[in-house]
Amino acid sequence: MKAVTLQNVHFQYEEEGPAVLSGVSASIQHGEWIAVIGPNGSGKSTLSRLFNGLLLPRTGEIYINGKSIFSDDDLPVIRREVGMVFQNPDHQFVAPTVRDDIAFGMENAGVPREDMLQRIETVARQTGVEDILDKEPHRLSGGQKQRVAIAGVLALYPSIMVLDEATSMLDPNGKQEVLHTIRSLHASSDVTILSVTHQLHEALMADRVWYMENGRIIHDVTAEELLHNLDWLQEKNIPLPYAASLYQSLAHKGISSRSLESFLWREKSR
Amino acid sequence: MFEHVIIGQYLPGRSILHRMDARAKLASVFFLIAAIFLTNSWTGYAVLGGAAAVIYLSSGVPFRYIRKGMAPIFLLVLFTFFIHALFTREGDVLLSLGAFQFYEDGVIQGLFIALRLLLLVFLTSLLTLTTSPIELTDAMEQFLSPLNRFRFPAHDVAMMMSIAIRFIPTLMQETEKIIKAQTARGADFSKGSLKDRAQAFVALLVPLFVRSFKRAEDLAYAMEARGYNSGAERTKLRQLIWKTRDTAACVLIVVLVAALFLLRE
Amino acid sequence: MKVLLKNIEHTYMKKTPFEKKALANVNVNFEKGSFTAIIGHTGSGKSTLVQHINGLLKPHSGQVTVGGHTIDAKSKRKQIKALREHTGMVFQYPEHQLFEETVEKDLLFGPRNAGKEEARTKKRLPELLELVGLDKSFLERSPFELSGGQMRRVAIAGVLAVEPKVLILDEPTAGLDPQGQEEILSLFKTWQQQYQTTTIMITHQMEEAARLADRIIVMSEGQIIMEGPPSVIYEKQAELQTLHLDVPEQVKVLKQIEQEMGVTFSSYHLKPEEAAVELEKRLQQKKGDTDV
């Protein structure tokens, strides 16, 4: 059984409105990390919101761990199995302190208090927020808030975690913190990860990359394949980071550099 | 920029008042407010004043916080005093100032009202200064929960309040930022013609509203994604713990209120 | 317009337990038509510094001079306003400042406050919109029905509409996709070159700083720690690291390649294509050397 199966998914926000997703079919294995890239308005964020039924497709089918997203009985289960982390760190922090915010999802799910205390401790350690549990949101950095959001999701033992541009509003240090957290999560657990991102470096950390355009997945490739086919990103006018661009120029000259490759893969967990 | 805003501000601490159960504090303040409005004698106000002083001493809050918190209502107190002093025309004339005459009963009325207002704000300031907003909402939720039977959404109301409280600092930061941005574009919030200033405030309020709506939308998505379901059964991380001293405090307050009731003239 | 900051000090929440010195004796000049990038951590004082340049903050001691206007701790509103009319500031997420019913009205807000002649400004709006990558059909639209990227462009145009002599940018590309970032940056570069605007940009990204600025200022704990052209700042890898600032990606990569392949690049400021060409040449030379 696949973690996620998308079958010919179509979506538009309004009846007469433009199609945002037009015929997306793909699937994700358990424990896989998928990065979704593509220009603004390509449908990446919308796609990510279909995973737990926040939005429902017009036509087509979505199965999460074998359960249909259209089944009213299964939707609450799916909601618990699919955790979401959104873009704006300030707009998803609900509670007055870190501890309360991590507990929010568990309170909704009716987790007993004793369990909650234990789980908070575990996930706080996993995401490195154990020292700020009593802090208020306005005293936290963006990176800290996003890690709290991840902790809140992990506390519900999700099987899939969806990150919708979770690092795009962070400063470089915040980005590093969050990516480090995601990477160690990917290495140490079998949570399936889908991360929507603008950063090529971030995409290269994933196992597989979906390149979206006009509501379709145009390329579904491994991160290695993406690196060997940078030309088509450039054709689409997507600026490449320095290392990638250098890699591409050297490849055209038939020069390969081990240090450059290891830089591009950074601390990739594989 | 907003350093002076004190009303509703919590001052963390370890005093007796801080450590009391929020429900006990809320109930006490509720009873005391009732007592404030029932009292109509000097003895009564002396007793209330003494009680307020004792409560204040057990709070460990520096006086300047109280003073800051009460400053904004000072004008209101003066205003109500004069309204009563001028428009209650009973008893002997104490003082005549041209067209204005102060009658004895009027002045007493005015003083009582002023005292009531001051005590009211004093006690509620102490409550909010020593109780974190979240504890306060929890306490209110519990007091309101019997109303659930009459389909009053006690929990949703509490959730709304706690979200509102959580976003106050965010809103202030945002206000400051937009004021700066519009000032940089030449808007003037402090001087200029009425029309210019009205324009400047539109330039502040519209972005604030637009941002708030956007935030509400995002927040609704985030809460839904995390399984929030209004009306559904939830468990709670936070616990309010009722101790013997809370019972004792409540008993004391009830005795005090009863005594005040007997002191009525 | 030339900008001079002399012995600037600024302390937040003065005389409270939260007192914090945000700027300590900062001295810096910005020449007319120059492009400077300011880099530093959150809380390093860079935002505080630039807010002095357009009078949003007054120095607690020291002087700020912009063109012929000088302000200090005692300056009155009028003096500050006069100075502000020559400066424009693009804040982080500037789209949050839009408020009018139409794009046109919003663009006219700044010029009107500055007392500019309306008819003349209006005539220039289509050109201005084009510069930020939009066309004149946007004038009649509501700013709130635009996409995020379009809103940002309108907000930027609103700042440029007053034709500031000094332009301050506070992370103008935050949250944009790489394509949008590149477009916005090149827009500012074009503007600076065309109008000789003194431009000062706060950024977190070393790459961004290096690409546009002719000078980089590094700040930490309310002071200027380093100052110089990008190529010089780039060499100071160790110092940057002690400040926990990102060493530019290209420096990291090129240094690693130097070590791996035993070559030296003529500079760490090379474009990727140039670096590739140079590396190819060096490798051939090396091969030639060993062959002989």
Side-chain angles (χ1 to χ4, degrees), chain B residues 1-6 9-13 60-65 67-68 167 169-218, chain C residues 12-19 47 50-51 53-57 76-78 80-101 105-116 142-145 148 151 155 158-162 164 166-168 170:
Chain B
M1 175 157 243
F2 294 99
E3 292 153 39
H4 314 294
V5 183
I6 277 287
Q9 209 176 59
Y10 170 55
L11 191 72
V61 175
F63 189 71
R64 62 196 161 88
Y65 282 90
R67 203 179 53 210
K68 266 191 185 167
F167 277 101
T170 312
L171 205 64
M172 284 186 175
Q173 282 167 2
E174 210 143 74
T175 308
E176 190 172 345
K177 193 195 130 184
I178 295 171
I179 287 181
K180 277 189 172 166
Q182 306 298 31
T183 307
R185 291 168 84 192
D188 202 329
F189 289 88
S190 50
K191 285 267 166 62
S193 72
L194 202 62
K195 197 176 148 241
D196 287 350
R197 275 202 288 177
Q199 167 86 339
F201 276 99
V202 171
L204 167 65
L205 290 179
V206 172
L208 274 183
F209 272 112
V210 171
R211 294 290 300 149
S212 297
F213 280 121
K214 169 77 179 132
R215 184 163 42 238
E217 192 188 330
D218 284 0
Chain C
Y12 283 122
M13 315 272 279
K14 233 181 172 158
K15 289 180 189 144
T16 72
F18 307 105
E19 184 170 307
S47 286
V50 298
Q51 287 180 28
I53 299 170
N54 66 347
L56 281 176
L57 294 174
K76 297 279 177 305
R77 253 169 32 87
K78 231 181 178 165
I80 296 175
K81 246 191 142 171
L83 171 139
R84 194 173 287 149
E85 267 163 32
H86 301 287
T87 60
M89 177 152 178
V90 176
F91 280 80
Q92 248 183 63
Y93 301 99
E95 57 273 25
H96 297 171
Q97 73 197 29
L98 299 173
F99 72 100
E100 282 284 15
E101 297 149 65
K105 281 189 180 171
D106 216 291
L107 294 179
L108 289 175
F109 181 67
R112 187 179 305 138
N113 288 328
K116 300 229 159 157
S142 157
F144 299 110
E145 63 180 30
M151 280 169 85
V159 174
L160 297 179
V162 293
V166 177
L167 184 60
I168 304 161
D170 189 351

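Chain identifiers are assigned alphabetically (A, B, ...) following the order of the sequence lines, protein sequences preceding nucleic acid strands; residue numbering begins at 1 within each chain.
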Going by the rule ring-ring contact (aromatic ring centres under 6.0 Å, His included), which residues pair with B:F213 if we only count those two or more places apart in sequence or in a different chain? none

Does a side-chain heavy-atom distance below 4.5 Å link [X] with [Y]?
X: C:L56; Y: C:V50; result: no
X: C:L167; Y: C:V159; result: yes
X: B:V210; Y: C:E95; result: no
X: B:Q182; Y: C:F109; result: yes

Heavy-atom pairs under 4.5 Å with chain C: which of B:K214, B:K180, B:K177, B:Q199 has the most? B:K180

Which of the residues B:L208, B:V206, B:I178 is involved in the greatest number of heavy-atom pairs with chain C at under 4.5 angstrom? B:V206

Under 4.5 Å from any heavy atom of chain B - which part of [X]:
X: C:D106; value: both
X: C:Q51; value: side chain
X: C:Y93; value: both
X: C:E100; value: side chain

Looking at C:R84 and B:D188, is there a salt bridge between them, counting it only when a charged N and a carboxylate O are closer than 4.0 Å? no

Closest-packed option against chain B by number of heavy-atom pairs under 4.5 Å, given C:M89, C:E85, C:R112, C:H96: C:H96

